[in-house]
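Input: a single structure, listed below in structure tokens.
Proteins get letters first, then strands, A, B, ... in listed order; numbering begins at 1 in each.
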There are 2 protein chains.
Amino acid sequence: MEIKEIVNKLSEKGLRVTPQRIAILSAIIKLNNHPTAENIIEYIKKNHPNISVGTVYKVLDSLVENNLLKKVKSESGIMRYDPTQSNHHHLYCAQTDRIEDYEDEKLDELITGYFNQKGIRNFKIQNIQLQITGTFK
Amino acid sequence: MEIKEIVNKLSEKGLRVTPQRIAILSAIIKLNNHPTAENIIEYIKKNHPNISVGTVYKVLDSLVENNLLKKVKSESGIMRYDPTQSNHHHLYCAQTDRIEDYEDEKLDELITGYFNQKGIRNFKIQNIQLQITGTFK
DNA sequence: TATTAGATGATAATGATTATTATTTGAGAT
DNA sequence: ATCTCAAATAATAATCATTATCATCTAATA
């Protein structure tokens, strides 16, 4: 039961469980490809016509702060949101605004191994994400 | 002579050589770390007080289109600009808005080698950029 | 030097995001 | 179950980066 899980995630983080938060989180999960705030609002309004735009932005911010979501930078500067999962990379279409997830454990090992040996002078690495640009066929 | 180079780059691309374009390109080169449009405007106004904001954005766009600049997505969604050079990656500070270039030929070879063998199903790779998040020490 | 497509400056418009504030509500205490 | 109140929400206005418009100007070529 998905809703249960969402409720759990929220209360684990000490966030109040509100219908808006549940709606927003499930919207992002349902919509599944890196929706913008606008996409989310549009989707939610079907079942939740009174939700306020400001609320959506505030909820998104607090979900990001609590690591339930990640912000994804898009080419145009409009922010998009992604449910946090195991670390993954992104495929950016060079021609459209399509963004897909890309997971590759072997690749991660390769890169992590490389930096474990080499490191970066004056920099402590927390996270590495690839932006792979190209075209879908 | 830097200005000469800039003039050359512009005319090579078939762009008219205007004082505004020269000023903007040299500002980005001088400023050196991924300035925003606002940073650029502020810097240019010293020597070029009448330049118009709209012009700066339009020039930036055309420089990006002609591969003389790259747009760098920043955490806040404000675009930043980077003179195009050999391909390079970015170090993002997790605490501030500092962004530094990171070049690493060995790493590029490693990654290119990996994808040459493996590829990505349904995707033609044009370019790979790493976003390395962490802290400067 | 004259011509003109393209560039610029001034200004207004847009659109995503943030701030404000009065009202409502979730969740722990009674 | 009800009370309490900090936190969340809805409605609205405000902000701020970016884009559009358009009259004027100018770089580049003849």
Should the heavy atoms of other residues, nucleotides or ligands under 6.0 Å from NZ of K124(B) be counted, would the total exceed 12?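 Open.
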
Evaluate whether atom CD of E109(B) has more than 12 neighbouring non-hydrogen atoms of other residues, nucleotides or ligands under 6.0 angstrom away. yes

Would you say the side chains of [X] and [Y] form a donor-acceptor pair under 3.5 Å?
| X | Y | result |
| --- | --- | --- |
| D101(B) | H34(B) | yes |
| N127(A) | N87(A) | yes |
| D104(B) | Y102(B) | yes |

Taking atom [atom2] of [N] as reference, at what distance in whole Å does atom [atom1] of [X] sit?
| X | N | atom1 | atom2 | result |
| --- | --- | --- | --- | --- |
| Q20(B) | dT8(C) | CD | C1' | 6 Å |
| K13(B) | dG6(C) | NZ | P | 18 Å |
| K45(B) | dG9(C) | NZ | C1' | 10 Å |
| R21(B) | dG9(C) | CZ | C1' | 15 Å |

Can Y114(A) be reached from L91(B) by stepping across I, L, V, M, F, W or Y side chains whose heavy atoms are under 4.5 Å apart?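 Looking at the clustering, Y114(A) is in the same group as L91(B).
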
Does the cation-pi check pass for K73(B) over Y92(A), that is, NZ or CZ under 6.0 Å from the six-membered ring centre and within 45° of its axis? yes

H88(B): partners by ring pair (Phe, Tyr, Trp, His ring centres under 6.0 Å), with sequence neighbours left out: H90(B)

Its 5'-most and 3'-most nucleotides having an atom under 4.0 Å from a non-hydrogen atom of chain B, DNA chain D is contacted over dA17(D) to dA28(D)

Which atom pairs, one a donor and one an acceptor, fall under 3.5 Å between side chains of residues 49-63 of chain A and the rest of the protein, sequence neighbours left out?
from   : atom 1 : to     : atom 2 : distance (Å)
S52(A) : OG     : G54(A) : N      : 3.4
S62(A) : OG     : V59(A) : O      : 3.2

Whether each nucleotide of nucleotides 16-27 of chain C has a protein heavy atom under 4.0 Å at its base (B), only at its sugar-phosphate (S) or at neither (-) is summarised, 5' to 3', as SBB-B----BBS

V64(A): partners by side chain to side chain contact (heavy atoms under 4.5 Å, CB included), with sequence neighbours left out: L69(A), K71(A), Y81(A)

Could you tell me, to 10°, how much the axis swings from one end of the helix from dT1(C)-dA30(D) to dT30(C)-dA1(D) to the other, five pairs per end? 40°

